[in-house]
Amino acid sequence: MLRGALTNNYQKMKTLTCSKKLSFFLLMAATLVSSVSARTTLALEGGWTFTKGDPAGAMNNTFDDTGWEKVTVPHDWAIYGPFDKTIDRQMVVIEQNNEKVATEKTGRTGALPYVGVGWYRTCFLLPDFREGQKVTLLFDGAMSRATVYVNGTKVGLWGYGYNSFYMDITPYIKAGEPVNLAVRLENLEESSRWYPGAGLYRNVYVIVTEKTCIETWGTYITTPIVTKELAKLCLQTRVEQPVEGLKLVTDIKGPDGQLVETSTTNQVIGNEIEQIMTVNQPHLWSPETPFLYTAESKLLKGEEVIDTYTTRFGIRSISFTPANGFQLNGVTRKFKGVCLHHDLGPLGAAVNLSALRRQLTILKDMGCDAIRTSHNMPATELLDLCDEMGFMVMNEPFDEWKRSKCKNGYNLFFDEWAEKDLVNFIRRDRNHPCVVMWSIGNEVPEQSYKDGSRVAYFLREIVHREDPTRPVTSGMDRVDPAISNQFAATLDVPGLNYRLPKYQQAYNLLPQGFILGSETASTVSSRGSYKFPVKPGKDVRYPDHHCSSYDLEACNWSNLPDEDWMWQDDKDWVIGEFVWTGFDYLGEPTPYDEMWPSRSSYFGICDLAGLPKDRYYLYRSRWNTSEPTLHVLPHWNWAGREGQVTPVFVYTSYPEAELFINGKSQGRLKKGTSGLERYRLMWNDVTYQPGTLKVIAYDVQGVVAATKELKTAGVPARLVLRADRTELKADGKDIAFVTVSVVDKDGNECPDAANQLQFSVKGAGTYRAACNGDQTSLEQFHLPKMKLFSGKLVVLVQSAKKAGTITLEVTGKGLKTARLTLSAKK
Ligand code: GAL
């Protein structure tokens, strides 16, 4: 089907001209996503050109883009760096961090060149488009202030860089002629509190339909009755330009693809059709059982199918009540969630399915069951994966309303755009079973103003109108004013960011009868970096700009994981948490945001490369209830610390363990009932001597359940390469994440190795990027060389569009060269 369509184009092409410099290659750039009766969806991936700045006449058809860079979309123009402390340097007071005077902040937005103007252009043919049909351009996200031109005419604009939007471009194109598309984007300085990325960083689609068709995001499926025996489905379908004699046939298919129910309706009231169906013995969606159904809607005029639209959904019930807290399918559970920013470390903001899937795989193994899309609309691919892999989502669009947190942030858009942004966001996402609540904003300054609750009410009502089935929340950090001005009471789910000492008071004073830890912890650490003496601290800074991996350091407003857990374990009315954050992200390098170099966050449970920090195992020991955890820290390579106190911590799901150093017992410890001892086993007085550290864990019966050994490693001898997947799709997009570590001659990992490495990729793939997770590293991700950090880094190998083998070679001075072979399949 795809080939046929494009071959035909090729025949036509010879007589057509795009802009004069655009090659045939560009015309072949569209990838067919789907083609069902009278609806064709093409992804515009390859064949774009890009330039920075504002070349005169760039929107014109005839404009010469020779010399523009050839890029594929999704594309983030800023991720290639170089890192530079002067980029978006901000003299600001961060009120949210309890600052009182303005200081210079470097690296707040990642020290990457995202500020400024960028232009993208492409040219494509629409294979089967006839006069009288309709063509829609859909942007999953464009960073930011997008202005869209088609064949030289301005079609429209969209301000907020995180939202999806679509435009009808039918009036600007002619059947059989190529379509010239130009997009101008602009990012202002001081527009973000983290790295926003830049460019067409999410997918762009062209959709061809009849004029009478199902609206974009025009289906809405709810399940008002869900029991084990049956589910009632309500399906609303919105039709564009309805005409006489329309009929809608909807087939519901089960998780196995079999037809389970069909409904036919020929009553269109206004532009809406409603269908009600029953599914017997439904397979309920949950993080543990992520069953998905599809609704295939066929719009007919007489007997002719004039549109087909597929909607994936799940059957599940949610409720939030004082009596039972949060319930999914009638069962109370507490959110084991993490907050995620949208960047994908070394890929920047450019969305990539493999990278998202890898993040979720890592989180799943930790036992995490929920994601908060802090603080903006997520990529639609993330929600698809959350549906499929089983994560509940707090879907959040805004970090700012009308009162600013950043000079050029969303406050500039709020009045004109807030409702439009919310409507697109909710209509796009409301069929995802993973979405269990909508947040209307994060720590908005309106919390402390008299009119704050009015704005909250205004937004809440839009959400309730667009989706009455899910509650509205917001992350609050100004608890006292938010309670006294009704802001907190306006929400369906009161979310507190940190502020543990305010939990009880908020519970007592608020009407809802439960509290959600909408943002928790903000503990800081650098993978594999341990600081002495070991003691809890706030805003602690070290000369190397790292934070200690003993997991005892936080910010003046934040806390340790253990402190959140005490509330969740001791109070039924605390319904769980969303930890700040699952992964380190670019920008916001607290507590070093006034120091250079430092360009990414320290909050992650995993580092920027996706490698688990020690904290990962602390959460895993609590959250993963199906597999045991036994993790010991620090590493045992402390030349120069012989005879000095070097505490050993064990993060384990077992209640008890005994520690041995070179065979000598350091004592057997049991988890306590209060303080940190409740969740961690800590031998605080161990003195370091090289050799073997061994932990024996005991189960509740006191029987030996597991052991773990760490050995002092010798000098680095060879490299070890381990891929998350060895078989890739030959689609030019799939990525294998290869962890590179270095071991001594006996195979012991060298935990402090910092060797300089080089990478080369041959065969059916390319080198995409590398990342070592060091927040202070200024090495550019896309260059094929990088230093190990704490003995490790990750190399990203991307498939080409051809099948074959891919070989990654990693070299380093004095180390045996390592090779890894992957395969790419069509
Ligand atoms: C919160 C905020 C997050 C992040 C975090 C760092 O207050 O909501 O976006 O800034 O602090 O601790």
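Just so you know, ligand 1 is whichever comes first in the structure, and atom 1 is the first atom listed for that ligand. Starting from 1, each residue takes its place in the sequence as its number.
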Identify the protein atoms, limited to N or O, that lie within less than 3.5 Å of an N or O atom of ligand 1, and list each pair with its distance to 0.1 Å.
unit_1, atom_1, unit_2, atom_2, d
ligand 1, 7 (O), Q96, NE2, 3.0
ligand 1, 7 (O), E443, OE1, 2.6
ligand 1, 7 (O), E443, OE2, 2.6
ligand 1, 8 (O), N442, OD1, 3.3
ligand 1, 8 (O), N442, ND2, 2.9
ligand 1, 8 (O), E443, OE1, 3.3
ligand 1, 8 (O), E443, OE2, 3.3
ligand 1, 8 (O), E519, OE1, 2.9
ligand 1, 8 (O), E519, OE2, 3.0
ligand 1, 9 (O), R193, NH2, 2.7
ligand 1, 9 (O), H375, NE2, 2.6
ligand 1, 10 (O), Q96, NE2, 3.2
ligand 1, 10 (O), R193, NH1, 3.0
ligand 1, 10 (O), E588, OE1, 3.2
ligand 1, 10 (O), E588, OE2, 2.5
ligand 1, 11 (O), E519, OE2, 3.4
ligand 1, 12 (O), S522, OG, 2.6
ligand 1, 12 (O), W557, NE1, 2.9

- Task: Flag the pair K105 and E99 as a salt bridge only when some basic side-chain nitrogen lies within less than 4.0 angstrom of an acidic carboxylate oxygen.
- Result: yes
- Task: Only counting residues at least two apart or in another chain, list the ones meeting side-chain hydrogen bond (donor to acceptor under 3.5 Å, both in side chains) with Y585.
- Result: W580, E588
- With sequence neighbours left out, what residues match R620 under side-chain hydrogen bond (donor to acceptor under 3.5 Å, both in side chains)? D365, E627, T629
- Could R622 and D569 be called an ion pair, given the rule that one side-chain N must be under 4.0 Å from one carboxylate O? yes
- Query: By side-chain hydrogen bond (donor to acceptor under 3.5 Å, both in side chains), which residues pair with R430, not counting sequence neighbours?
  - Reply: none
- Short question: side chain of T523, backbone of N559 - any donor-acceptor pair under 3.5 Å? yes
